[in-house]
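One structure is given below, encoded as structure tokens.
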2 protein chains.
Amino acid sequence: MGYRENPRPGGRSARVQAAVHQSVRDMLATMDRADVTIPLIAQRANVTPSTIYRRWGDLQKLLADVAASRLQPEGEPARIGSAREDLEAWVEQYADEMASGVGRQLLRDVLAVPDSANAEKCGTYTRRQLSVFIARAEAAGEPFPTLVDLMDHIISPIIYRILFDQAPDPDHVRKLVAKVMAESRQSLMRG
Amino acid sequence: MGYRENPRPGGRSARVQAAVHQSVRDMLATMDRADVTIPLIAQRANVTPSTIYRRWGDLQKLLADVAASRLQPEGEPARIGSAREDLEAWVEQYADEMASGVGRQLLRDVLAVPDSANAEKCGTYTRRQLSVFIARAEAAGEPFPTLVDLMDHIISPIIYRILFDQAPDPDHVRKLVAKVMAESRQSLMRG
DNA sequence: GTATAGAAGCAAATAATTTGCGTTAGTGAA
DNA sequence: TTCACTAACGCAAATTATTTGCTTCTATAC
């Protein structure tokens, strides 16, 4: 009955999923969003509409699925120098990507469906990336903020502004990072 | 051609808007979300579907419109004691409402449409509410955080968690408030 | 190989959306 | 008040999307 979340690679099901995802990405990139329909996606992916309906349910769920997979980070954050420098560079790029037209729309697509699974996946991606910096800092003996503080006081303000306000300017993002870093040094001194 | 954002009160257009909004609210409260369709909404509101299509465009836009109006605060935040106490009480209630099933869905509905006008409206509502506390604190000579700090370090973490993670627990919310308040006293002492 | 089950294709039936055109009801000027 | 005007609504036909029953395909395990 139910469709596998992760189809066996190489199988027919995986090929269909890839073709449909690619079709969606192409169409979102080239045409007006309002003109992207399931029958059109199906046609471009060489698949029947009913296949998409049965597998994803409706356009919103399909878009949420595609968006979540696009929001998955490609690899490990770059190593530049100290954990702090790595973090600063990563956050700057993260903010830029999320604030871009495409990024903002991906966030919305992921949030548009009642099922929160896709959105939670994105939160997990971000925490996993940030954990890398924490591990690096620990290995280097650098003082570093906790994961909770990074999420609450850097990621959250950035995303909130992108969703409910204007995109945060780079200077503000730097200040958010600087503030959390400063606090982590203080708490280390106190502790 | 275009429909007025705020129809003249008492006019036919305003009556239709009210009937449709009410119909949406009733249906969202009583039936499964997936079964809420424009033809059904129209029927319950005693209106033709084409009226809704022409005025709102599609279901998502209608839901976003209804959600934004439901997210508008009813009145001024309650006065309890100090500005800080007022804020604490307000934030607690805010977090509860937004984290509830209904609140979370309203947030999603507002974010689901490409047009950010509705979402920005919600951000503005929140800032306006918070400004009240700032004004009260100033009148009382209490030290108080800035609007930016309140938004970045209290509202943003709460909303981010609701959207991308689990709802924040009350204790964490209190800590967020306490931390921002503590910083505002420090910066006052330094300044 | 062959059986099996999950997933895809096809096509008919249903439901939603769009659109052209006629009608209604607020609005503002005489 | 009346009258002309126009934005918004209703109606219904045309189009398009969605659902569904049934058949066919294809990986997988035996």
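Not measured: the values here are computed from a predicted model. Computation of the quantities below employed the complete heavy-atom set of this structure, encompassing side-chain atoms and omitting hydrogens, waters and symmetry-equivalent molecules.
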Excluding sequence neighbours, so at least two apart, what forms ring-ring contact (aromatic ring centres under 6.0 Å, His included) with B:W56? none

Give me each pair satisfying salt bridge (charged side-chain N to carboxylate O under 4.0 Å, His left out) with a member in residues 144-158 of chain B, each pair once, sequence neighbours excluded. A:R161-B:D152, A:K179-B:D149

Taken in chain and number order and not counting sequence neighbours, the residues that satisfy side-chain contact (heavy atoms from CB on, under 4.5 Å) with B:V113 are B:Q60, B:K61, B:A64

Can a side chain N or O of B:T51 be found less than 4.0 Å away from OP1 or OP2 on D:dC9? no

Strictly below 4.0 Å: does B:R55 bring a side-chain N or O up to OP1 or OP2 of D:dC9? yes

Under the side-chain hydrogen bond (donor to acceptor under 3.5 Å, both in side chains) test, which residues partner A:E138, sequence neighbours left out? none

Taking only residues two or more places apart in sequence, or in another chain, which ones meet A:E92 in a side-chain hydrogen bond (donor to acceptor under 3.5 Å, both in side chains)? none

5'-most contact on DNA chain C (nearest-nucleotide basis), B:P49 vs A:V47, goes to A:V47

Could you pull out all residues at least two apart from [X] that satisfy salt bridge (Lys or Arg N to Asp or Glu O under 4.0 Å)?
| X | answer |
| --- | --- |
| B:R104 | none |
| A:R44 | A:D26 |
| B:R33 | B:D109 |

Atom CD1 of B:I41 and atom CG of B:L63: how far apart are they, to the nearest 0.5 Å? 6.0 Å

If you measure from OG on A:S100 to CD on A:Q105, what distance do you get to the nearest 0.5 Å? 10.5 Å

Specify the residues of residues 19-41 of chain B, ordered by number, for which at least one heavy atom lies under 4.0 angstrom from an atom of DNA chain C. B:T37, B:I38, B:P39

Could you tell me whether a side-chain N or O of A:S82 sits under 3.5 Å from a main-chain N or O of A:E85, the two making a donor and an acceptor? yes

Atom pair distance, as rounded to whole Å: [atom1] in [X] and [atom2] in [N]:
| X | N | atom1 | atom2 | result |
| --- | --- | --- | --- | --- |
| A:Q43 | C:dG9 | CD | C1' | 15 Å |
| B:Q17 | D:dA7 | CD | P | 18 Å |
| A:I52 | D:dT19 | CD1 | P | 13 Å |
| B:D58 | D:dT16 | CG | C1' | 15 Å |

Are any of the side-chain heavy atoms of B:I159 and A:S156 separated by less than 4.5 Å? no

Is there side-chain contact between B:M151 and B:T146, with heavy atoms separated by less than 4.5 Å? no

I'd like a table of atom pairs between the protein and nucleotides 1-5 of chain D - only N or O on both sides, under 3.5 Å - with the distance next to each one.
none

Which nucleotides of nucleotides 25-30 of chain D have their base under 4.0 Å from a protein heavy atom (B), which only their sugar-phosphate (S), and which neither (-), written as one string 5' to 3'? BSSS--

Please produce a list of atom pairs where a protein N or O lies less than 3.5 Å from an N or O of nucleotides 20-22 of chain C.
residue, atom, partner, partner atom, Å
C:dG20, O6, B:R54, NH2, 2.3

